[in-house]
Amino acid sequence: MHQVIHGEIYVPDTKRLDALCEQFQHILRYSYNRCKKGDISGSTRTFCEDKFTGHLNKRWIRDAVLFGEGIHTRFEDQKVIFGSRESWNRLKSGLLSKEDWQSLRNHHCFARGEANKQGNLNCRIEGNYLRVNFGKRNYQSYPLHISTKQTKKMKKQGKLSDRGRLDLLLLLADQKKVFYNIRLRKKDAHHYLVSVEYELTEPETTITFKNGVIGVDTNVDHLAIAETDANGDLLKTDALYAPRMQFAKKDKRFYDIACLVNQIIDYARKTGKGIVFENLKFRPDYSLNKKRNRMFSNFCYRKILELLEAKCIQYGIAYKKVNPAFTSIIGRYKYAKMHRITGHQAAAYVIARRGLGFQEKISLFKENKESVKTRLARTLEGKYGKKPHG
């Protein structure tokens, strides 16, 4: 389970850290370009170690090469602009100076950890200090500020503050049971942000599908949920609304998403039932109709489902991803009138039953067959446009 602790350091003179980040990014871009030209990773690593050893130690060089190779693997078919496309356009328009552009390209670095090295060799946390290795055992320590704030909700749920989690992490690192990665990112003239990233073993699953499941249907402005018993019979439905997800800024949308996901997790823990949700795998295709284009542009389904999955793992709740095909249509024409619920809640019920292993197919309850056939054809046309979908 991936965990992140956020901190910061204030440095009166950042010349050494700036030079470190600049060299790291230079090697990163160099390795990326070598991979882009088809060079194998082994030769790139060896060549960079020979070329840049006088500037950084081999561990920093290897980390930069691995970072560059990872970017190439992730965006193999896309054009990558280091420093962001927006900044590049501002540079071309004369709104950003060359010095500021270079600063944006060279503003962070990454130190990889190892368990048998007591956590991390190049950036090690020692008490309240961050020790940075500038090469040839040339170390410098900076005061590290980590939040000690613990809210009432955190205390109630038994959660530690960032400082408490860091102390536990350092104890495990000293025992060589875990390692941590450090990411340094420059914020302003004398201020660097520090991210401590580490992995913990996933907790044991204590809430299963034995007593039934909770189905979740994802929509633009709300989440519909449906609770069933172990036999797949509907017990309760609900809708959790957050209208700001359609139009608010990124941070506000993500806050609302987190609130919705927490409500579902609390409900699952209260009822002792696992969660079933859609396995949405799609890439935005903006050749569709305007309504679907807007949905892909404004709404982050992936963020909701990824956060829901992470929370299930964190709290030991069993979860399952199911095929989302025709869940809305099946729910609307098969269960909505039968149980007097909305179409979205009916879709959540279909998702829940699929999670229990039921083979849900399109069937009608008090509906005209020809009318449904026409609506289904329109739905497929709206989804695929003029593309073949046979």
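Model, not experiment: these values are computed from the prediction. For the numbers below, each heavy atom of this structure counts, side chains included, while hydrogens, waters and symmetry mates do not.
- A donor-acceptor pair shorter than 3.5 Å can be found between the side chains of S97 and D100.
- Residues that satisfy the side-chain contact (heavy atoms from CB on, under 4.5 Å) test with D50, not counting sequence neighbours, are T46.
- Connectivity analysis of hydrophobic side chains (ILVMFWY, heavy atoms under 4.5 Å, direct or indirect) links L104 to I81, W88, L91, L96, W101.
- For the pair T14 (side chain) and V11 (backbone), a donor-acceptor distance under 3.5 Å is absent.
- Contact annotation: the side chain of L235 never approaches that of T228 to less than 4.5 Å [non-hydrogen atoms, C-beta and beyond].
- A salt bridge does not link K36 to E69: none of the charged side-chain nitrogens sits closer than 4.0 Å to a carboxylate oxygen.
- Within the structure, every pair that satisfies the salt bridge (Lys or Arg N to Asp or Glu O under 4.0 Å) test and touches residues 256-265, not counting sequence neighbours, is listed here: R244-D256.
- Side-chain N/O atoms of E8 and H145 include no donor and acceptor closer than 3.5 Å.
- Side-chain contact, Q345 with T237: a donor N or O sits under 3.5 Å from an acceptor N or O.
- Side-chain contact between L130 and L184 is present, with heavy atoms from C-beta onward closer than 4.5 Å.
- A search for side-chain contact (heavy atoms from CB on, under 4.5 Å) contacts involving K270 returns nothing, not counting sequence neighbours.
- No cation-pi contact links K320 to F277, judged by a cut-off of 6.0 Å to the six-membered ring centre and 45° from its axis.
- Side chain of R74 to main chain of G70: no donor-acceptor pair is present (N/O by atom type, distance under 3.5 Å, no hydrogens or angles).
- With no hydrogens or angles considered, a side-chain donor-acceptor pair links Q140 and R16 at under 3.5 Å.
- The pair E309-K321 meets the salt-bridge criterion, with a side-chain N (NZ, NE, NH1 or NH2) lying under 4.0 Å from an Asp/Glu carboxylate O.
- Through ILVMFWY side-chain contacts below 4.5 Å, V4 is grouped with nothing and stands alone.
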Determine, stepwise, if the pair N122 / N57 fulfils side chain to side chain contact (heavy atoms under 4.5 Å, CB included).
CA-CA 9 Å; N122 277 338; N57 63 32; 3.1 Å; yes

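- Remark: D162 engages R165 in a salt bridge, criterion side-chain N to carboxylate O under 4.0 Å.
- Taking 4.5 Å as the limit, every side-chain heavy atom of Q3 sits out of range of all side-chain heavy atoms of E197.
- The other residues sharing a hydrophobic cluster with F358 are F209, V213, V276, V322, I351, L356, where clustering joins ILVMFWY side chains under 4.5 Å apart.
- Sparse packing is recorded around CD of E86, with 12 or fewer heavy atoms of other residues, nucleotides or ligands lying under 6.0 Å away.
- Side-chain contact between H108 and K186: absent, with no pair of heavy atoms (C-beta onward) separated by less than 4.5 Å.
- Contacts classified as ring pair (Phe, Tyr, Trp, His ring centres under 6.0 Å) and involving residues 167-198 (residues at least two apart or in different chains) are given here: Y10-H191.
- Crowding of F134 atom CZ: a count of heavy atoms from other residues, nucleotides or ligands under 6.0 Å exceeding 12.
- Counting heavy atoms from C-beta outward, N262 and K311 have side chains that approach closer than 4.5 Å.
- Residues N279 and N323 have side chains not in contact (no heavy-atom distance under 4.5 Å, counting atoms from C-beta outward).
- Think of L193 as one node in a network of Ile, Leu, Val, Met, Phe, Trp and Tyr side chains linked at under 4.5 Å; it has no links at all.
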Steps toward side chain to side chain contact (heavy atoms under 4.5 Å, CB included) verdict (Q102, H107)
CA-CA 9 Å; Q102 291 176 342; H107 74 306; over 6 Å; no

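- Residues passing the side-chain contact (heavy atoms from CB on, under 4.5 Å) test with Y139, sequence neighbours excluded: R131, N133, R137.
- Judged purely by atom type and a 3.5 angstrom limit, T271 uses its side chain to pair as donor or acceptor with the backbone of Y267.
- Residues satisfying the side-chain hydrogen bond (donor to acceptor under 3.5 Å, both in side chains) criterion with R29, sequence neighbours excluded, are N106.
- Hydrophobic cluster membership is shared by F326 and Y333, with clusters built from Ile, Leu, Val, Met, Phe, Trp and Tyr side chains linked at under 4.5 angstrom.
- Side-chain contact check for R353 and Y335: at least one donor-acceptor pair (N or O, by modelled atom type) lies under 3.5 Å.
- Between Y30 and C35, the closest side-chain pair of non-hydrogen atoms is not below 4.5 Å.
- Contacts of L171 classified as side-chain contact (heavy atoms from CB on, under 4.5 Å), with partners at least two apart in sequence or in another chain: Q175.
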Could you give me the CA-CA distance, side-chain angles and deciding distance for L308 and Y319, then say whether side chain to side chain contact (heavy atoms under 4.5 Å, CB included) is met?
CA-CA 9 Å; L308 184 57; Y319 69 93; over 6 Å; no

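- Contact check for D217 versus V350: no side-chain heavy atoms found under the 4.5 Å cut-off.
- Under the 3.5 Å distance criterion, with hydrogens and angles disregarded, no donor-acceptor pair is assigned to the side chains of D221 and N219.
- Looking at residues two or more places apart in sequence or on another chain, you find no side-chain hydrogen bond (donor to acceptor under 3.5 Å, both in side chains) involving R62.
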Walk me through whether V80 and F75 qualify under side chain to side chain contact (heavy atoms under 4.5 Å, CB included).
CA-CA 7 Å; V80 175; F75 303 103; 3.7 Å; yes

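- Looking only at atom types and distance, the side chain of N211 has no donor-acceptor partner in the side chain of D229 under 3.5 Å away.
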Stepwise salt bridge (Lys or Arg N to Asp or Glu O under 4.0 Å) test for R59 and D63
CA-CA 6 Å; R59 179 172 290 273; D63 291 351; 5.5 Å; no

